[in-house]
Structure formats: structure tokens, C-alpha cells
Engineer: 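Okay, here's the structure, questions in a sec.
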Amino acid sequence: MTIRVLLADDQALLRGTFKMLFDSADDMETVGEAENGREAVDLCEELRPDVVLMDIRMPEMDGLDATRLISESEDLAGVKVLILTTFEDDEHVAEALRAGASGFLGKGVRPDVLLEAVRTVAAGEALLSPVATRALISRFLAQPELYPAVVQERLQYLTPRERDVMCLVALGLSNEDIAERLFVSPLTAKTHVNRAMTKLAARDRAQLVVMAYQCGLVSPAVEPAAGPQA
């Protein structure tokens, strides 16, 4: 399948550069360009891209508000947003994930890393740069906010293994890393992640991270015990 990408950035030169990059990939194509958040939302409704490469600072409507409108629209449930910005601070990372972004990268990223990031997000996985992950953790520890009571209630339906896996996802571990930590196969780790997402009604892995921190389930200083478990 070809991944259909929408570019949202107020700098025409950057859009042109990104377009050449994506159109040169065998599995991607650029289906549209937006110079502000409002136009990005309108084009999403018209074109139904797989992934929106979204800048934060744009005129008329910024990328965060545009991301929020896209993620809240039932008609755009299949559209994933990857934030690409120069602002990798804790405030922007936290707001982007709350708004519904599936990934967050800095604009200094290498072209090959960006292409792989789009593939990752299109596949339904979450992606955060190391800088963004540290900023996210710092933000939620400094200003913890409880998730709605309905999410707190749903936590009780997670099995002990699913809670362990959710904690490890929140610490930035991949399915392969989780499998090694818990002595299971990567497929089993992925299954536990997917079940936790389903039970909590999380859009994707990124929202699972947000829920873990805001529900107080995990902090960087406390990791779940690893080891064989039935």
C-alpha cells in the first residue's frame, strides 16, 4: 500500500523539500499541501490522507488546534498526525499528545529517520524522539493531571501483565525491548499492548503513554518488575 501524506507547514520551501522526499519513496506519495492549520483540517476532510506531517507554528490556526480537530472527528478516525517542529519543549510535546498526535519529531531529523517515522505512524504505532520523550516525562511529573474517572475505572480491567506492559510502553520501550524485559515473544508483547489500548479505548501507543503518566501508573523512578509470569 502507498502511504498518502499531507504536508502542513507555512514555509513553502520546506513543503517542497518534504514533497520531494516523500514522492521519491516507493511506498509514499504527497497528496496535498496546507499552509495553515485550518487548511490542513479542510484538506484532511477532502483527501483523507493516512498521515499529516504537521508543523506547530502556523497562521490562522496552529498545528495543535488542527491536530485536535482532526483527532476528535469520527470521519477522520483513520488520519494520523505526526508533529514535526523546532519546538521540542515539554509544553509542546504534552499539548501535541493531548491533542491526539501519534508522533513528535524535531525538524533536525535525518531524511531516512523521517521516512521511517511516517511508516511507523501510518502503521498505528506511536513515535517520540528521545528529546520529546524526556520532555514528556518531565512535564507529567512536574504537573500531574488525573485522567477522567472513566479511564481510572478501566484500569481495573487490565491484567497484571497488561499493566506491566503499559508501564514499559510509557518508559519508551519498543515491543522488542518489552519482550526481552518480560521474557516473552515480540508478538506476545504487541498483543498485550493492543489489549491494553483496547480496554482503555486509547487511540494509539502515544495516548497509552499519556494515560500511564496522568493516571499515576508509572514514573521514571519506578519500573515494573520483570521476569517470567503466567
Engineer: Set out, in order, the CA-CA distance, both residues' side-chain angles and the distance that settles side chain to side chain contact (heavy atoms under 4.5 Å, CB included) for Val81 and Val121, then state yes or no.
Structural biologist: CA-CA 8 Å; Val81 177; Val121 170; over 6 Å; no
Engineer: Given 3.5 Å as the limit, does a donor-acceptor pair link the side chain of Ser102 with the main chain of Leu82, or not?
Structural biologist: no
Engineer: Checking Thr30 now: which residues fulfil side-chain hydrogen bond (donor to acceptor under 3.5 Å, both in side chains) with it, not counting sequence neighbours?
Structural biologist: Asp23
Engineer: Please enumerate all residues that pass salt bridge (Lys or Arg N to Asp or Glu O under 4.0 Å) together with Asp27, with sequence neighbours excluded.
Structural biologist: Arg119
Engineer: Under 4.5 Å between any side-chain heavy atoms of Leu114 and Leu53, yes or no?
Structural biologist: yes
Engineer: Can you name the nearest heavy-atom pair linking Pro49 to Val79, along with the distance?
Structural biologist: O-CG2, 3.3 Å
Engineer: If you compare all heavy atoms of Val165 against all heavy atoms of Ala189, which two are closest, and at what distance to 0.1 Å?
Structural biologist: CG1-O, 4.2 Å
Engineer: Which heavy atom in Ala101 sits nearest to a heavy atom in Thr67, and how many Å separate them?
Structural biologist: N-CG2, 3.6 Å
Engineer: Only counting residues at least two apart or in another chain, list the ones meeting side-chain contact (heavy atoms from CB on, under 4.5 Å) with Pro59.
Structural biologist: Asp10, Asn36
Engineer: Output all residues satisfying side-chain hydrogen bond (donor to acceptor under 3.5 Å, both in side chains) with Arg68, sequence neighbours left out; order by chain, then residue number.
Structural biologist: Asp65
Engineer: Under 6.0 Å from the NZ atom of Lys190, do we count more than 12 heavy atoms belonging to anything else shown?
Structural biologist: no
Engineer: Might you work through the side chain to side chain contact (heavy atoms under 4.5 Å, CB included) test for Asp177 and Leu168, ending with a clear yes or no?
Structural biologist: CA-CA 9 Å; Asp177 293 332; Leu168 293 174; over 6 Å; no
Engineer: Would Lys19 and Glu33 pass as an ion pair if we require N to O under 4.0 Å?
Structural biologist: no
Engineer: Output the distance between atom CG (Asp9) and atom OG1 (Thr17), rounded to the nearest 0.5 Å.
Structural biologist: 10.0 Å
Engineer: Which heavy atom in Val51 sits nearest to a heavy atom in Ile3, and how many Å separate them?
Structural biologist: CG2-CG2, 4.2 Å
Engineer: For Leu158 and Ala196, which heavy atoms make the closest approach, and how far apart are they?
Structural biologist: CD2-CA, 3.8 Å
Engineer: Roughly how far apart are Cys44 SG and Ile70 CD1, rounded to 0.5 Å?
Structural biologist: 3.5 Å
Engineer: For Thr188, what residues pass the side-chain hydrogen bond (donor to acceptor under 3.5 Å, both in side chains) criterion, not counting sequence neighbours?
Structural biologist: Ser185
Engineer: Partners of Glu35 by salt bridge (Lys or Arg N to Asp or Glu O under 4.0 Å), sequence neighbours excluded?
Structural biologist: none
Engineer: Rounded to the nearest 0.5 Å, what's the gap from OG on Ser71 to NZ on Lys80? Could you check?
Structural biologist: 10.5 Å
Engineer: Among residues at least two apart in sequence or on other chains, which ones pass side-chain contact (heavy atoms from CB on, under 4.5 Å) with Ala202?
Structural biologist: Met197, Gln207, Leu208, Met211
Engineer: Keeping to residues at least two apart or across chains, list the side chain to side chain donor-acceptor pair (under 3.5 Å) pairs with something in residues 39-53.
Structural biologist: none
Engineer: Tell me every residue that passes salt bridge (Lys or Arg N to Asp or Glu O under 4.0 Å) with Asp112, counting only those two or more places apart in sequence or in another chain.
Structural biologist: Arg110
Engineer: Identify, with sequence neighbours excluded, every residue that meets side-chain contact (heavy atoms from CB on, under 4.5 Å) alongside Leu69.
Structural biologist: Arg38, Val41, Met61
Engineer: Applying the 4.5 Å side-chain criterion to the ILVMFWY set and letting contacts propagate, would Val169 and Tyr157 be lumped into a single cluster?
Structural biologist: no
Engineer: Please tell me if the side chains of Val118 and Val5 come closer than 4.5 Å, counting only heavy atoms from C-beta onward.
Structural biologist: yes
Engineer: Which is it for Arg161 and Leu182 under the side chain to side chain contact (heavy atoms under 4.5 Å, CB included) test, yes or no, and what are the steps along the way?
Structural biologist: CA-CA 9 Å; Arg161 176 45 53 91; Leu182 299 180; 3.8 Å; yes
Engineer: To the nearest 0.5 Å, what is the distance between CD1 (Ile178) and CE (Met166)?
Structural biologist: 11.5 Å
Engineer: Rounded to the nearest 0.5 Å, what separates atom OG in Ser174 from atom CD in Glu180?
Structural biologist: 9.0 Å
Engineer: Got Leu115 and Met28 here, is their nearest side-chain heavy-atom distance under 4.5 Å?
Structural biologist: yes
Engineer: Is it the case that one hydrophobic cluster holds both Val109 and Leu7, taking links as side-chain heavy atoms less than 4.5 Å apart, direct or via other members?
Structural biologist: yes
Engineer: Among residues at least two apart in sequence or on other chains, which ones pass side-chain contact (heavy atoms from CB on, under 4.5 Å) with Ala8?
Structural biologist: Ala34, Ala40, Val52, Met54, Met58
Engineer: Within a 6.0 Å radius of atom CD on Glu176, are there more than 12 heavy atoms belonging to other residues, nucleotides or ligands?
Structural biologist: yes
Engineer: As a quick check of understanding, evaluate side chain to side chain contact (heavy atoms under 4.5 Å, CB included) for Asp55 and Arg15, giving each step before the final call.
Structural biologist: CA-CA 10 Å; Asp55 189 22; Arg15 295 199 309 271; over 6 Å; no
Engineer: Just by modelled atom types, is the Leu21 backbone N or O under 3.5 Å from a matching donor or acceptor in the Ser24 side chain?
Structural biologist: yes
Engineer: Kindly say whether Leu84 contributes a backbone atom to a donor-acceptor pair with the side chain of Lys107 at under 3.5 angstrom?
Structural biologist: no
Engineer: Only counting residues at least two apart or in another chain, list the ones meeting salt bridge (Lys or Arg N to Asp or Glu O under 4.0 Å) with Arg195.
Structural biologist: none
Engineer: Do Leu155 and Glu153 touch side chain to side chain, with heavy atoms closer than 4.5 Å?
Structural biologist: no
Engineer: How many angstroms lie between atom CG of Leu13 and atom CZ of Phe18, to the nearest 0.5 angstrom?
Structural biologist: 9.5 Å
Engineer: Looking only at side-chain N and O atoms, does Thr191 offer a donor or acceptor that is under 3.5 Å from a partner on Asn194?
Structural biologist: no
